[in-house]
Amino acid sequence: QVQLVESGGGLVQAGGSLRLSCADSGRTFSTYVMAWFRQAPGKEREFVAAINWNGEATDYANFAKGRFTISRDNAKNTVALQMNNLKPEDAAVYYCAASLRIRPMPREVHYWGQGTQVTVSS
């Protein structure tokens, strides 16, 4: 069983940075691809970034490349998303997700966190 809890969201000015964290209290964390998705009001949930089980492979949405970095620590059962140079259009609820695919569709996600709000002021 995987139970994901996100933290680290908040309000930041455009150009600023935030670090999101996701912790899993289960025992099978290291077997999953971990990903971040986001959903803005009125929009569909979209893929942000993913990292494979040992951290050696990552994938990013085009809007995240060069600004966001995903990482994981299997010893601590955590995955993080470092977000730099944030833009107002990055504002959304960010969700941690566990999947078996490196770039999962939302329907392919096995477990979701509850989400954490990111607000970016211009």
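To the nearest 0.5 angstrom, Lys87 atom NZ is 5.5 Å from Glu89 atom CD. Between Arg103 atom CZ and Thr58 atom OG1 the span is 11.0 Å, to the nearest 0.5 Å.
Glu6 places a side-chain N or O within 3.5 Å of a backbone atom of Gln114 that can act as its donor or acceptor partner. Without hydrogens or angle criteria, Gln3 side chain to Gly26 main chain gives no donor-acceptor distance under 3.5 Å. For the pair Asn74 (side chain) and Asn77 (backbone), a donor-acceptor distance under 3.5 Å is absent. Using modelled atom types, no side-chain atom of Ser99 and backbone atom of Val33 make a donor-acceptor pair closer than 3.5 Å. With hydrogens and angles ignored, the 3.5 Å screen pairs a side-chain donor or acceptor of Asn52 with a backbone N or O of Ala57.
Closest approach of Phe47 and Pro104 over heavy atoms only: CE1-CD, 4.1 Å. Pairing each heavy atom of Gln117 with each of Ala92, the nearest pair is NE2-O, 3.4 Å.
The closest side-chain heavy-atom distance from Pro106 to Gln39 is not below 4.5 Å. Using a 4.5 Å heavy-atom cutoff, the side chains of Gln82 and Ser17 are in contact. Proximity of Trp112 to Arg45: side-chain heavy atoms (C-beta onward) are separated by under 4.5 Å at one or more points.
Cation-pi geometry between Arg72 and Trp53 is not satisfied (NZ or CZ under 6.0 Å from the ring centre, within 45° of the ring normal). Relative to the ring axis of Tyr95, Arg38 does not place its NZ or CZ within 45° and under 6.0 Å from the centre.
Other residues sharing the hydrophobic cluster of Phe29, ordered by chain and number and joined by side-chain separations under 4.5 Å: Val2, Leu4, Val12, Leu18, Leu20, Tyr32, Met34, Trp36, Val48, Ile51, Tyr60, Phe63, Phe68, Ile70, Val79, Leu81, Met83, Leu86, Tyr94, Leu100, Tyr111, Val118, Val120.
No side-chain N or O of Gln13 forms a donor-acceptor pair with one of Ser121 less than 3.5 Å apart.
For Arg67, the CZ atom counts as densely surrounded, since its 6.0 Å shell holds more than 12 non-hydrogen atoms of other residues, nucleotides or ligands.
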